[in-house]
Number of protein chains: 2
Amino acid sequence: MNSEFNIAVHCLTLLSLKEERMANSEEIAKSVCTHPARIRKVLGLLRKQGYVTTKEGVGGGYLLNPGTEKVTLGDLYRLLARGSLKPSWCSGGEELPCEVASNIEGIMDQIYSGGEAALERYLDGITLTDVIKQIEEAGSAANPT
Amino acid sequence: MNSEFNIAVHCLTLLSLKEERMANSEEIAKSVCTHPARIRKVLGLLRKQGYVTTKEGVGGGYLLNPGTEKVTLGDLYRLLARGSLKPSWCSGGEELPCEVASNIEGIMDQIYSGGEAALERYLDGITLTDVIKQIEEAGSAANPT
DNA sequence: ATTACTGTAATTATATGGTTTACAGTTGCT
DNA sequence: AGCAACTGTAAACCATATAATTACAGTAAT
């Protein structure tokens, strides 16, 4: 699947763990390990969903909205990576004389949709809170108090 | 995901519907709509699993083994497309000083594995027989007796 | 005004996936 | 034996998809 889903999870957990729940695209890009413009693109989509608020101008950046921790990975999947199961190339073709060739595409489409539904159900069971908790646990294991 | 999975499903249903359960790579390639060399590559893997027998030389080709219709799409997925959920690019990195960056990879890995397990469970519920039946139904609907 | 940000689109670089070519190995036929 | 029709496999080539980068307009704090 698409890596923007991965980026979204990363950005939101990072913001949640930040004091002030805020950071700018440059800082986030360092942690994600990509270019700030890419972060701005993904966070622009998350803003449209109401997950973050952006502040332009000096001292600006992205602010995590309250309640966003309840968002599930399924929500983020649907927003950023829906349809990623079906490959860009598929076999057969409507116009071909072969019975299999002309019908397989529709059947495989159904199968990919079903697979995606199964995947979404799984991802709906994981919230950002779950991911954040795991990060915190991993961190405290590395630096025990 | 990888389109070889799609090709495998196509080839096996095609062979099952053929009189003699046999065809050569050129004929199959026409139906799948790709190059014969690609068909040979995929069917080579299916041979190693015992799903087909190949016959080299004049009049050769691929023969569907008895019982292969019981194979599930999950089996084919594991053989040809396992691991396709995780994107080639992922965020973060062990070496980074950020707590999120250094831990996210392992956590996302687990999530991708879980998603893959969910997907496999779904695909395990579909056999080649199911796909073949659907092709037959679609065909008889187009040409009613 | 100037500086430090975001928003967004266009461009370039790189990776992936599919096609094609090539040729050695195998088998049936005459 | 020799030819023709196949598979097996790897390498080269090409197209497409994805990520990085550049660029610049818009916005807000000082």
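Quick note on labels: first sequence line is chain A, next is B, and so on, each numbered from 1.
- Residues passing the side-chain contact (heavy atoms from CB on, under 4.5 Å) test with A117(B), sequence neighbours excluded: R121(B).
- Remark: the N6(A) side chain and the S91(B) side chain contain an N/O donor-acceptor pair separated by less than 3.5 Å.
- Remark: L123(B) engages I111(A), F5(B), L73(B), Y77(B), L119(B) in a side-chain contact (heavy atoms from CB on, under 4.5 Å) (not counting sequence neighbours).
- Annotation: proximity of residues 18-31 of chain B to DNA chain C (heavy atom, distance under 4.0 Å) is found for no residue.
- Applying the salt bridge (Lys or Arg N to Asp or Glu O under 4.0 Å) test to every pair with at least one member in residues 126-135 of chain A, sequence neighbours left out, gives no pairs at all.
- Residue pairs that meet the salt bridge (Lys or Arg N to Asp or Glu O under 4.0 Å) test with at least one member in residues 76-96 of chain A, sequence neighbours left out, are D75(A)-R78(A), R78(A)-E120(A), R78(A)-D124(A), R82(A)-E120(A), K86(A)-D109(A).
- For A29(B), the side-chain contact (heavy atoms from CB on, under 4.5 Å) criterion is met by P36(B), I39(B), not counting sequence neighbours.
- Pairs passing the salt bridge (Lys or Arg N to Asp or Glu O under 4.0 Å) check and including a residue from residues 47-59 of chain B, sequence neighbours excluded, do not occur.
- By the side-chain contact (heavy atoms from CB on, under 4.5 Å) test, E69(A) is found to be paired with S16(A), R21(A), L64(A), T129(A), I132(A), residues two or more places apart in sequence or in another chain being considered.
- Of all the residues in residues 50-66 of chain B, K55(B), E56(B), G57(B), V58(B) reach under 4.0 Å from DNA chain C with at least one non-hydrogen atom.
- Of the residues in residues 103-112 of chain A, none lies under 4.0 Å from DNA chain C by heavy-atom distance.
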Completion exercise
Heavy-atom contacts, protein to nucleotides 17-25 of chain D, under 4.0 Å, summarised as B (base), S (sugar-phosphate only) or - (none) per nt, yield --SSBBB--
Could you go through nucleotides 12-14 of chain C and list every protein N or O atom that sits under 3.5 Å from one of its N or O atoms, giving the distance for each pair?
none

